[in-house]
Amino acid sequence: MTDDLEPLRRARPDRLLPDDPPDPETLAREKARLMSAITGPEGVVVHRRTPSIYPRLAYRDEVAALDFLTRAFGLVERRESRMEQPGGMLAWLEIGDGVVMIGRAGEERHGLFSPLDVGAPTAAVNVYVHDIDAHYHRAESEGAQIVTPLEDMFWGDRRYEALDLEGHRWHFAERLSEIRA
Amino acid sequence: MEESDGAVIAGSLETPGAFGVIFDRHGSTLLRFLARRVDPAEAEDLLGEVFRIAFERRSAFEQDRDSARPWLYGIAANVVAKHHRSEARRFRAMARVSARRPLDEDPAERAVAAADAGARWARVMDAIGTLPEAERQVLLLFAWEELSYDEIALALGVPVGTVRSRLSRGRARLTALTQGRDTTTDVALTSCDAGGEK
């Protein structure tokens, strides 16, 4: 049968306007307001502003990626910003003052693909962390594929590189001056 | 395994701050629902209202339920109903946008005169704004939010049979409004009206 509700489905505002996800800042702010109404001003975690530049990475299985990135690389999800949709999930992950957005790969998802689709990584995410040695050991023991070893570099970083579960390349480093301090 | 919403809400009776987990899990879905129904800026305010009401009423939540989402949708639907003028404004704005800019995601649609397609969506948005409240709620929870009959019944606190009858009445009325009346829809409308609920 022809579905008489199809015109209505297609008239849904967010299918008509490509306004994609709601602003994660809105959700963080509204959550902070709710929490301060519930528990008073203490204990309210207010997220920092989203930085001016933040990358978006695509995965075939973004749910598994979320689990891996938090477990192996110590990223922290802005949980209230997560968008669950039939076509895939969008999540915002933080480390330090940086944010990375992860979502499902595909032509209809901003034309972004996983290294699994392409056969090679095409970008790297560079991240400064505290205690690079502990970070390295955690990543290794959680199954990240280490592609360059942990070493001191002449420009003043101690760094290593690893691939995540679908092959996106991550470069983790700490300033040698901070390690010595 | 994550704790069920029921367990989280039960815990929040003792430790109110635990209710934040309910916002974490459902805030973005509810924000999207509200932004589809009222002006986007107003949707943000209403989101806060929905969760404050939910928090105040949390002791009434049936704690054996896994998901609080239908319950939150029910609260949000009531909040939207109180702001029907904003909703009507949103739909009129959408009607103008869609009249101007038809969707062409379906290649078959492109073959059709674009203006026709735009006019059709404009009629849909106009029509949905004029449906009786109860029918609009059910139609939009079903078509836009993709809730099941059971979830809609839970959300609105009505029997599943009522959801079915409102849905069929709403879709008949919508078809009549958007395509102009023909004999078939007249018959459908008449029989639905005759069999009304209550």
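Protein chains get the first letters and strands the later ones, always in sequence-line order, with residue 1 at the start of each. Only this structure's heavy atoms are used, side chains among them; waters, hydrogens and symmetry mates stay out. Just so you know, these numbers come straight off a predicted model, no measurement behind them.
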Taking NE2 in A:His130 as the centre, count heavy atoms belonging to other residues, nucleotides or ligands within less than 6.0 Å. Is the count above 12?
no

A:Glu80 side chain near B:Arg25 side chain, heavy-atom distance below 4.5 Å:
no

Does this structure show an ion pair linking B:Arg69 with A:Glu84, if we count only N-O contacts that are shorter than 4.0 Å?
yes

If you measure from the Lys or Arg side-chain nitrogens to the Asp or Glu carboxylate oxygens, is any gap between B:Glu44 and A:Arg29 under 4.0 Å?
yes

Show which residues join B:Leu154 in its hydrophobic cluster (side-chain heavy-atom contacts under 4.5 Å, direct or indirect), or state none.
none

For the student: nearest non-hydrogen atoms of [X] and [Y], plus distance:
{"X": "A:Ala37", "Y": "B:Arg52", "value": "CB-CD, 4.5 Å"}
{"X": "B:Phe23", "Y": "A:Leu27", "value": "CE2-O, 3.4 Å"}
{"X": "A:Ile38", "Y": "B:Gly17", "value": "CG2-N, 4.0 Å"}

Measure distances from A:Arg82 to the heavy atoms of chain B and classify the residue's part below 4.5 Å as side chain, backbone, both or neither.
backbone

Per-residue contact mode, A:Leu34 against chain B (heavy atom under 4.5 angstrom):
side chain

Residues B:Phe51, A:Met35; criterion side chain to side chain contact (heavy atoms under 4.5 Å, CB included); working and verdict
CA-CA 10 Å; B:Phe51 277 89; A:Met35 296 316 286; over 6 Å; no

Verify the cluster assignment for A:Leu165 and A:Val147: are they in a single hydrophobic cluster under the rule of side-chain heavy atoms below 4.5 Å apart?
no

Cluster question for you: counting only ILVMFWY and a side-chain heavy-atom cut-off of under 4.5 Å, with indirect links fine, are A:Val63 and A:Leu75 together?
yes

Given 3.5 Å as the limit, does a donor-acceptor pair link the side chain of B:Trp144 with the main chain of A:Leu8, or not?
yes

